[in-house]
Structures are given as C-alpha cells and as structure tokens.
Amino acid sequence: MPEDLKPVTRKRRRPAKSCDPCRARKVRCDRGLPCKRCQRSRAPLLCSYKSDSLTGSSSRPTHDDATISGLLTVHPERRSPEGTPSDEAIDDHHSSHGLSQLHENQPSGLQPQTSQPQQPLTPAPGSLVSPNTTKRIRDLEERISSLEQHISRSANDSTISKNHGLCINLPRPHLRVDHEKTRLFGQSHWIHTLEQFHVLARMQAKPYAIVDNAQSETNKHIKEAANARRLAKSHESGKLQDIFPDLSSTIPTRDVCDQAVECYIRSFESIFRILHIPSFRYEYQEYWSHPSSSTRPFLMKLLMVISIGAIFLSDRSKSNQIRNQARDWTYAVQWWLVGPTEREAMSLEGVQAFCLLILARQANSVGGTASIATEALLKLSFTLGLHLDPKAIGPMTIFQSEIRRRLWATVRELILITSINSTLPLLISCDEFECRSPSNIKDVDLQVDNGLCSVSQSDKNNLDLDCSLQLLLLKSLAPRMRIVRQLNSNNWNYSYEQVLEYGDKLKAHCREMAAFFQSASSVQDRPSPYSDFHRKFLDAYMRMTTLFIHRPFLVQAWKDSRFFLARKVCLESCVIIASYVDCMNLPLGILDDFSRLCSRGSGIFKGSLGQDVISTIALEIVTQLEEEEIPGAPKSFGAEIADPLVQLSRANRQPLIRTLEHIQEQWRQIIIFGRPSLKQYIFLSAILSQIKAKESGHDPNPPIFDALKKTMKECVALLQDSGACLQIQGSADDSTDEPSPYSADLMSIFGFDFNALDPNLILDLPETMDFSSLDDNAVIPT
C-alpha cells in the first residue's frame, strides 16, 4: 500500500460539555439549561448546547465532513479508475458553493425524489474508507434527508401562500425570560420594528463581539441609569401591610373628590359605560353623610373612580397626591376581586369595580398590561352570565337588562384593548356570543323603584344620549376583534388583501366618527355634550388599530414596493395621532385632557407619546435617508451636492423631525415630574442623533454613543432632582449580578429587547446595515 494512501489515525477530540456562551467567555459552566451564569448575565435564552455536548458527535460539519460531502457529490464519470476522485473533481468541489447557498440558489436540486427511492450514499468500491468515515457518511445521509424534507415543506408553504394571494409571514413571537419578569412579544408588537433601525440593531448582531472602550463607557452610564430607574420604581411602589387597610382614611377631602368624580364622568364614563350615574351619585352623597354605613363594593368603585378622575385635575399637586395613593388603592381593589374574598365580588357591582380597575391600571400606568386581571374579569362575566342576552336568561327588569348589556359591551372592549397592549391572543370572538347591544337611553330615564323599572320614551336618534359613544364604538367592534385575533394568533400567513379590506373598514369608521362629532357640535343653542377628549381618544384608538394591522407590511415595504401603501397608511396614522399633542407644552401652559392621559397612561392610553407612534415616524425618516443614498458613492456624497430632489426630501422631513423633537422634550419634562419612564426619551435621543449624522453624511455610530452617554447621565440627574429616587446607592456595577458587558443586553432593561429580532429577518436587511464589520475582532469607532 502506498504511503500516502494509508488511513490517518486521528486523536479523539474531547467533547465540549459547556454551553456556547460559557465557551465563548471561557468560564466554567454548571451544564444547566439555562446555566446559572447565563441567568445572571440576563441572557437565559442564549444558553444552548451543541449536539456534540450531549452525544459526543459534532453537529457542525468539520473539514473531514466537507471532504466526504465532496466525495459523495462527484459524478461517476469524473472519478479515476481506482475509485478515488480525480484532481479535476476535487478542484471543482473546492470552488463550489456551500450548502446554504445551494439552498438559496438551487432549491430544485434538493427536492426529494418521491417517484423513485433514493440510493443510499456509499463510498465507491475499492476506495479506502475507515469505519469512522463510514459512520460520518451515514450521518451526512440523515442530515441531507432532513434538509430535503425541510425544503419540501417550505416549498409547499410558499405554494399555499401564492394560492391565497399576496401574503407574508408574520414575525414569530419572542419570549423574554427574566428573573423579575417574563414577557411574550407577539407578532404585532413594536419590538419587531427595531431591526429596521440599523445602528441600534447592529449593537447585538453578534452576541459575543469584542467590546471596545467607547462601548464599555456607554455601558457604565446605561447601568447607572438602570439603577436610578430601579430605585425610583421601588420608591413609588408601596407595599400593603394589611389586606384591607383603613382605606376610608386615605380618601382626600370632599372638594377634591368632587372634582375627581366629575372629571371621570365627563371623560371615560361616556365611552366605557360602567356606572349608572344617578345611582352612583346617590350612593356618593350617602357616603359623605354616613361614611361608616357605606358598603365595600361602593368603596372599591369610589377609589377607582377617584384614581382615574385625578388624572384630569387641573391642580397638578392634588393630582400627584392622589396618584401616590392610587397604587395602594389598586392593589387593595384587585385583592378584593381575585383574592380569598372573590366570592364577595361576584355581582354586577364586582364587575363594575373590575372594569374600573382595568381602566385605572391603564390610565395610571400601574402594574403593566393587566392581561391576567382581564382574564379574571372575563371569567367573572361568564360566571354572571353577561355573555348571554337577558331575554335568554328569564324575566328581568329593563334596568337590569340594560346594565348587563352595557357592562358586557365594556368588558369586550377592555379585553380587546388588553389584547392589543399585551399582543397576547384574544380570549373571545365576536361570533361566539349573542347579546344585544344596549339601548340608547339616558340614565335619568332609566330608574329603579322598589326593584321595578320605569323607562320614559326617549328619542333614540338624539346624539346626546348617554350611550351614543358606546354604540358608536360597538359598530366597529366585530372587525376590530377579527383584526386582533388574526394579529395575535398562531397563523403565520398574513394576507395583504385582507389587510386592505380591514383597513378600508377602519377608514370608513373614522370618517363616521368625525361626522358624528361634527354633527354634535353643530347643534345651535346647545353646547356639545362631547369634548375634544372623546374625539381625540376614539380617533387615536381607531388609527392605532390601523397602524397595528399594516405594520407587519411596513417592515417589508423597503424591499417590496407592493407594500408601499402600508408604509403610507402607517405614517399618516401616526402623524395624525402625534398632532393631538401639538398643544402640549410642559412645564408651561394648561394641558387638555388627552395630553394629561398621554403623560400618565400606558399602552394605547399613552396615545401620541407612545413608542408605536415614535418608532413608526422615526423609521420613515431613516428609510427616506437610506433611499437617498447612491450605491457605491461615499457616505458624505449626498450631503455635498445640491440636488433639488434631495433638498425637497429634506424639507418634507423637517415636520417629522420637529414632531420627534417635540415628543422628546415632553418626555423630558415628564421625567422631571417624577415618572421613571425612560424608554421613549432614550430611543428618541439615539434616533435623532442618527438622523442628524446621516443627513450630514457622517458615520452615525459615534454620535449615537455620545447621545446615549449624555442621555443616561441626564436621566440620572433628572430622577434625582425630581425626588423619585433620593440617591443612587452604591455603584452602577452593584445593580446586577455579573451583568452582561454588551450594551444591547443592558438596553433590554429599558424595554429594548434585541434578542427578539428574528435572525432570519436580520439577514434580509438593507445593504446599509453592514454586519460584516462586526466580526470577532471588530470594534466600534470612538
């Protein structure tokens, strides 16, 4: 046997048993799933093991695997007489594409041959192959077979999508697991638009990239700001020492409560019909006459009404005083509703208190999106039979029937809002239950006398009846529920034609609402019963839903011109919503009710100041800047020439930039007032610096890091000056146990979870997002 054909004896490679992150960091791993080090570094989802860690065989093709695959793909006519591959075949193998490129460029060649069975891949007769090589050939056979099945399924899926019209695949939900909070980001969540902001997404293109001095310095300020935010939140979250403390003693004075109650009635009660106003006013008067004789259900409702109405008080000191108590009130009411005393709350008054609780949590930004509490509200409504029409239950007074129908309509609307905010699946369908809509009757005409009800005849066509806004909102409830069910379901195929159909329905409903408010304000000799708050809130709600349904196609619009209409609709919706806070001028000036709600609320109650509006407008500006770039030209080329088209585009962008700057300044003032909500302010600082750098033709990386460092320092100072956190105790390094050194991981503290980005989608980003510079030796420019 020739010396060069003798089988080479290779030493057995020691199998790796540590997880990938610990191997990259070169630290000891406890081999858990996830391991303790990945948990402490706030990256439990990145903890993964290669197959060779468990089975002892490598999951990645080694050099020998590549050689074997080359032997298997050589055509028989190009083999040498001895059965070994010829030199020409080997040269062709080294110049061929990889398996991933073959998947993209030649998918038909990997389709499974179903007409005739495939012959197993075996070495050519006479070739010298060791037993180890034979085993690897069998492994390759299994891997190729699995790949063929995967490509076949993908081809079938694409065929189904083509048969159903123009469709895209929705982004997959991302589950963020943390020791403090676990959160699921659904398909319609704004987190999926982060990958379009190229510089920010680049910060975690590779989770184990080398960190240079510039990014390390930025991380220090990020951790300091996160520590300040944590202390501010712990300072404002009071813990109840007693399940039912003396809540009556915490209620403000009569004059303050009177103002708060009236503020609630003129704002939310007209939209979400929860209370029978004459009955509530009567109980309210009885409470101040005999406080000790009030029932616990009424006290719970009163606390929530005051906490909601206090948002709209013109006196900011009184409003802040009530808000400090509202958190404890919210915890007490929720404990009464879902705690051991839940049986006491199983009544219509319990449902009223529950609805007020959900509104109070959203309006005061207490306790997150309230998705679990909303499910409990739905189960309580089922328990009381609100989903059934009163006529199907049995004999019932008109008063009871109307109250039940009003509450069921409100429960469905609150469940829909919670599903939008949380991006979780909708719990109910509009087609599952048959319950009539409430009648448009004034509360003063709907009276109770000894358990019997007397209803005077009212003109059902009047615009100023007490259920007019609720009925107006109910007209679009069915399509909006179908929209949210499709957005938050597990169906990945998303039809563009159906989105356009739903969009036309929402557009028509927005026009119907505009005509409604115009008719109500045009009546002579009588003031309009509705305020600008009702008009702005309902219109912003509808346009936010329009944004959510078009946003998945907005992300795709930069590479597929067929979705340009979605980009246009999203921008128009956000510009209209943002215009509702143009009069907001903190700390000076008097705010209107809608601006007060935006500065206090969460989710869609954040309205014009929400992250959905901010990210959409910012994405449009960044996309326009990228479209102006000329391929192959220097970055500063567009800034040096006086192209009239470029100048026109810049002039058209200025109103959008001024809108973002205005929102940024309002968030700065809100932080000064003591609200530790830093996400929007940090995001705007980074994006505005990126926009200015790209317009001037400079590299946006250094300005973004400078803006982040400056913003973090400023946030710490603002929170300290506001009294939200008395002092920053300890150093920034003490805030977390072994924090991750990567700024993108640290930014997840503020809600920017870059781990949510789909790596398959990142590969499809525009060419301006250069991931090739972020190799293992890449550093961020200083």
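In what follows, residues are counted from 1 in the order of the sequence shown.
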Could you grab the distance from atom CZ of Phe548 to atom CG of Leu487, nearest 0.5 Å is fine? 9.0 Å

Pair Thr410-Gln470, side-chain donor/acceptor within less than 3.5 Å: yes

Side-chain touch Ser248/Pro291, heavy atoms, less than 4.5 angstrom: no

Which heavy atom of Leu678 sits nearest to which heavy atom of Ala225, and what is that distance? CD1-O, 4.2 Å

If you measure from CD on Gln362 to NZ on Lys606, what distance do you get to the nearest 0.5 Å? 10.5 Å

Mind checking whether Tyr284 and Trp288 have parallel, tilted or perpendicular rings, split at 30° and 60°? perpendicular

side-chain contact (heavy atoms from CB on, under 4.5 Å) partners of Lys713, counting only residues at least two apart: His221

Salt bridge (charged side-chain N to carboxylate O under 4.0 Å, His left out) pairs, two or more places apart, involving residues 584-594: Arg266-Asp593, Lys536-Asp592, Asp593-Arg596

Is the gap between the ring centers of Phe605 and Phe268 under 6.0 Å? yes

With sequence neighbours excluded, residues passing side-chain contact (heavy atoms from CB on, under 4.5 Å) with Thr616: Leu547, Leu554, Cys570, Cys574

Heavy atoms only: give me the nearest Gly603-Asn421 pair and the separation to one decimal. CA-OD1, 3.4 Å

How many angstroms lie between CG in Leu426 and OG in Ser419, if you round to the nearest 0.5 Å? 4.5 Å

All heavy atoms of Gln669 vs all of Leu586, minimum pair found to be CG-O, 3.4 Å

Calculate, to the nearest 0.5 Å, the distance between atoms CE and CH2 belonging to Met304 and Trp329 respectively. 7.5 Å

Flag for Ser381-Arg412: side-chain donor and acceptor within less than 3.5 Å: no

Inspect the surroundings of CZ in Arg254 and state if more than 12 heavy atoms from other residues, nucleotides or ligands are less than 6.0 Å away. yes

What distance separates Ile358 CD1 from Ile415 CD1, expressed to the nearest 0.5 Å? 9.0 Å

Could you walk me through whether Arg600 and Ser319 pass side-chain hydrogen bond (donor to acceptor under 3.5 Å, both in side chains), step by step? CA-CA 11 Å; Arg600 288 285 186 86; Ser319 178; 3.1 Å; yes

Quick check: closest heavy atoms across Met584 and Leu591, and the distance to 0.1 Å? CG-CD2, 3.7 Å

If we ignore angles and hydrogens, is there a donor and acceptor under 3.5 Å between the side chains of Ser489 and Arg485? no

Minimum-distance pair of heavy atoms, taken over all atoms of Ala260 and Leu313: N-CD2, 3.9 Å

Pairwise side-chain contact, Asp532 with Phe594, heavy-atom cut-off 4.5 Å (strictly under): no

Grab the two heavy atoms, one from Arg327 and one from Ser365, that are nearest each other, plus how far apart they are. NH2-O, 4.4 Å

Would His276 and Ser279 count as having a side-chain donor-acceptor pair, cut-off 3.5 Å? yes

Please name all residues satisfying side chain to side chain donor-acceptor pair (under 3.5 Å) with Ser267, sequence neighbours left out, ordered by chain then number. none

Whether Arg543 and Asp612 form a salt bridge (side-chain N of Lys/Arg under 4.0 Å from carboxylate O of Asp/Glu) is what I want to check. no

Can you classify the ring geometry of Phe280 versus Phe298 as parallel (below 30°), tilted (30 to 60°) or perpendicular (above 60°)? tilted

Looking at Arg281 and Glu286, is there a salt bridge between them, counting it only when a charged N and a carboxylate O are closer than 4.0 Å? no

Regarding Arg273 and Glu269, does a basic nitrogen lie under 4.0 Å from an acidic carboxylate oxygen? yes

Could I get the full list of ring pair (Phe, Tyr, Trp, His ring centres under 6.0 Å) partners for Trp667, not counting sequence neighbours? none

Go through the structure and list residues passing side-chain contact (heavy atoms from CB on, under 4.5 Å) with Arg668, not counting sequence neighbours. Glu665, Ile672, Tyr681, Glu714, Leu718

In terms of heavy-atom contacts, does CZ of Phe382 have more than 12 from other residues, nucleotides or ligands at under 6.0 Å? yes

Electrostatic pair Arg535-Asp539, nearest N-O below 4.0 angstrom: no

